[in-house]
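The next block holds one structure in the form of C-alpha cells; read it before the comments.
These numbers come from the heavy atoms of this one structure, side chains and all, not from hydrogens, waters or symmetry mates. Throughout, residue positions are numbered sequentially from 1 according to the sequence presented.
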Amino acid sequence: MNKNKSYSKLMSKKTKQDHVSKGLSCFLSWVFALVFFALIIFIIYASVPGFKEYGIKNILFTSTFDLANNKASIWLPLCVTILISLIAIIFAGPIGIKTAIFIKYRLPKKYKKVTRVGIELLADIPSVIFGLFAAESLGLIVKKIFNLDTTYSLLTAGIMLIFMILPTVVSLTLNALDGANNDLISASMVLGNTRTRSIYKVVKKEVKGSIYVGIIIALARAIGETMAVSMILQSQGFNDTFNQGFWGLLTSNLRTLGALISANMFAEGGGPALQGLLFAFGIFLFVFIMILNAIVMRLSKQKSSKNKKYNQFTKKAWEWITFVPRLIKKGFKKIFRVKEYDGKDISKYLYKRVKSNKFLTNFYTSWKMFWEWVSIIITLAFLFWILIDILGYGGVAIASGYSSAFSFGKDTTGQAFVNTLLIIVLAIGIGLPLSLLIAIYLNEFAKNGKTKKILLFFIDSLGATPSILFGMFGLIFFIQTCGMSSAGSAGKSLIAGALTILIVILPTFIRTIQQALQSVPKELRTNSMALGAGKWETIRKIVLPTALQGITTSVVLSIGRILAETAPLYLTSGLSSSGSIALNTAGQTLTTRIYDQIYTADITQGTSVMYECAFITMILVLLIIMISHVLIPYYFVWKQKKIQKKYSKPDSPSKTNKKKRIFSKISKNKNNNIIVNKIQLLHNYLQLT
C-alpha cells in the first residue's frame with residue numbers, strides 16, 4: 001500500500017509538471033504570435049501622420065515623387081526596387097542552381113563539405129560589408145566595363161545583390177536535391193540516358209517546386225535588402241531619371257524603397273509627417289513581402305488532385321506564363337515542317353533525335369557541365385575576392401593611424417566591439433529560453449492541428465519580414481512609447497537595440513531548435529514514458545540532451561545573425577556612442593559604425609574605419625563558421641566515442657549478479673496489479689546497463 005501511495009504521489013507530481021510546462025510554453029507561443037500583430041498595428045499607427053500630410057491620393061494614385069511639395073508616390077521607388085531585384089534573381093537563379101548541381105553531383109565527397117561551408121560563409125557576410133565592397137571595389141570594375149561616370153549606380157547595386165542572394169539559391173537547391181530520390185538517376189540511366197540528362201530531366205524536374213520556392217525566397221531577400229543598397233544609392237530624383245530611358249535608369253543611383261526609408265528616417269526637418277510617410281512605405285513593403293511569402297507557402301504544400309478549382313487556376317496561369325514559348329514552338333513547326341511525335345509534343349520528337357545521335361548527346365553533357373564549371377568558378381571567385389579585399393584592406397586599416405580598435409572611448413571601434421558583444425549576450429540570454437520553450441510546445445505538446453499551423457504561420461511570416469521593419473517597430477515601441485533610453489523618447493539605447501534584435505532572431509531561433517528536437521527519434525520518448533517518466537521529465541532528461549548538438553549550433557548561428565544585422569540596430573541603438581557604456585545609452589555596434597562612416601566629412605578616415613570594423617566583423621564570422629561546422633561536431637563525436645568506450649567495458653562480477661537478481665524479480669513477478677514494481681525494477685536494470 002505504501003508503495004502504491006508513493007507511486008500515485010509521484011505520478012501526480014509529474015502530471016502537474018507536465019501541465020505547468022505545457023501551459024507556460026503555450027502562453028509564450030501565443031505571446032510571440034501577438035508580437036506579429038503588434039508590429040503591424042504600431043507601424044500602421046505611426047503611418048497615420050504621413051497619410052494625413054501627403055494624402056492617400058498622392059501616395060497611391062500619382063506618379064510624382066517630390067518630398068518638398070508633399071508629393072511622394074510609392075510606385076517609382078517600388079519600380080526601382082523590383083527592377084534591381086529582378087536583375088539579381090535573373091542571374092543568381094541559374095548560377096545558383098548550376099552551382100548546387102555541381103556541388104551535389106560533380107564534386108568529390110571530401111570537397112563537398114568545405115564548399116558548402118564556403119557558401120554558408122558567403123551567406124553570413126553582413127550586408128554593410130557587401131555595401132562597402134561594392135562601393136570601394138566592385139563599383140570600380142563596373143565603372144570601367146560600362147564606362148560610367150560614377151561607381152554608385154543601380155547596375156552596381158544589382159550585381160552586388162546577385163552575390164548577396166546567390167547563397168540562398170544554392171543552399172535551398174542543395175536541400176531540395178538532398179531530399180530527392182537518388183534511385184531516379186540510376187533508373188533513368190538504365191533506360192539509356194546519360195547521367196547529366198538524368199540529373200536535369202528527371203531529378204531537377206522532380207524537385208522543381210522546391211527550387212521555385214528557393215528562387216522566390218531569394219527574390220524576397222533582394223526586395224527587402226536595405227543597408228547595403230543605401231550605401232550605394234543616394235539619389236531621390238525619380239521623375240527626371242525615369243525620363244532618361246532604361247539605360248539612364250540603370251546607370252543612375254536612385255534609391256530603392258528600403259534605402260529611401262533608411263536614409264530619410266532621421267532626415268533634418270523631416271518631422272513626424274516624413275516619418276509617417278516612411279512608415280506607410282514600410283507597410284507596402286511588408287505587404288509585398290507577405291504576398292511572396294504566401295506564394296512560397298502555397299508552393300511548399302503538396303498539391304491536391306481533388307481540388308479542381310486550384311488545378312484549373314494553375315493550368316490557366318501556366319498557359320499565360322508559357323504564351324511566348326508556345327508561339328515560338330508553333331513557328332518552329334511551320335518553318336521546318338516538323339510533325340508532332342506520336343501526336344503529342346515536339347519536345348519528344350527532338351528528344352528522340354538527340355538521344356539517337358551520339359554527337360548531340362555528348363554536346364548536351366559538355367554544354368551543361370561547361371555552365372556548371374562557370375557557375376562554381378564565379379561563386380568561389382567572388383567569395384575569395386571579397387575575403388581578400390576585406391581582410392587585406394582591413395589589416396592595413398588596423399595598422400594605420402586612424403585605427404581605434406584598441407580604444408574604448410566615445411565613438412571608437414573598441415567600444416563598438418564591446419557594444420556588439422553586450423547586445424549578443426542580452427539577445428541570446430533572453431532568446432534562448434524563450435525559443436526553447438516555444439519550440440518544445442510546437443514539437444512536443446501541440447498536435448498537428450489549426451493551432452500549430454497558425455503559430456507556424458506567424459513564425460514564418462516574422463522570419464520573412466525585412467529587418468528594417470523590425471527596426472521601425474523597435475523605434476516606435478521601445479523608444480518612443482516605452483522611453484527605454486536615458487534621453488526618453490528622443491534618445492537611443494543598447495537595451496532597445498537588444499530587444500529589437502531579439503525579435504529579429506526569434507523566428508529563426510525557434511525553427512532551428514524545433515528541427516533539432518524533431519531529429520530525436522520517437523522511440524526514445526516512447527521508451528522513457530513506458531518506464532514511468534512524465535512528458536516533461538522525458539523532454540528534460542531524454543529529448544533535450546539528445547538534441548543538444550542542434551541546439552548549440554542554433555545558438556551559434558543566431559549569434560552570426562546578430563552580427564550581420566544593421567538596420568534594426570541603427571534605428572534603436574543609434575549611430576554614435578556615449579562616453580560610457582550603459583544599457584540605457586546609445587551605442588554603435590561594428591556594423592552600424594560601418595554605416596555611420598558614409599556620413600563622415602573625411603572620406604579617407606571614413607574608409608579606413610569601415611575596413612577596420614569590417615575586418616573585425618569578418619574574423620568573428622569566420623570564428624562562428626568554424627565553431628558551428630568544426631568544433632561543435634568534433635566535440636559531440638568525441639563525447640559519443642568516450643561514452644561508447646566507457647560502456648563497452650565488461651561488467652564487474654558484483655554488477656552482473658545485481659543485474660541477474662533484478663531481472664529474476666521482474667520475470668517472477670506475475671501480479672499485473674503491481675505494475676509499479678516492474679517499472680521501477682526495469683528502470684534500475686536499465687540504469688545499470
Report task. Scan Thr607, Thr413, Thr617 and name whichever one has a side chain to side chain donor-acceptor pair (under 3.5 Å) with Glu612. Result -> Thr413
**Report entry** Spatial distance of atom CG (Leu569) from atom OH (Tyr595) [nearest 0.5 Å]
**Finding:** 13.0 Å
Report task. Determine, for Arg561 against Asp124, whether the closest basic-nitrogen to carboxylate-oxygen distance falls under 4.0 angstrom. Result -> no
Query raised in the report: Between Leu506 and Ser435, is any pair of side-chain heavy atoms under 4.5 Å apart?
Result: yes
**Report entry** Min side-chain heavy-atom separation Val80-Leu76 under 4.5 Å
**Finding:** no
Report task. Report yes if some heavy atom in the side chain of Tyr441 is under 4.5 Å from a heavy atom in the side chain of Leu436; otherwise report no. Result -> no
Query raised in the report: Got a second to check how far Glu136's CD is from Asp389's CG, nearest 0.5 Å?
Result: 8.5 Å
Query raised in the report: Is the CH2 atom of Trp385 crowded by more than 12 outside heavy atoms at less than 6.0 Å?
Result: yes
Query raised in the report: Are Met231 and Met610 side-chain neighbours, meaning at least one heavy-atom pair lies under 4.5 Å?
Result: yes
Query raised in the report: Roughly how far apart are Ser137 OG and Leu132 CG, rounded to 0.5 Å?
Result: 7.5 Å
Query raised in the report: So with a 6.0 Å cut-off around NZ of Lys410, is the heavy-atom count from everything else above 12?
Result: yes
Query raised in the report: Rounded to the nearest 0.5 Å, how far does CZ of Phe509 lie from CD1 of Ile459?
Result: 13.5 Å
Query raised in the report: Within the distance-only criterion (no hydrogens, no angle test), does the side chain of Ser407 pair as donor or acceptor with the backbone N or O of Gly409 below 3.5 angstrom?
Result: no
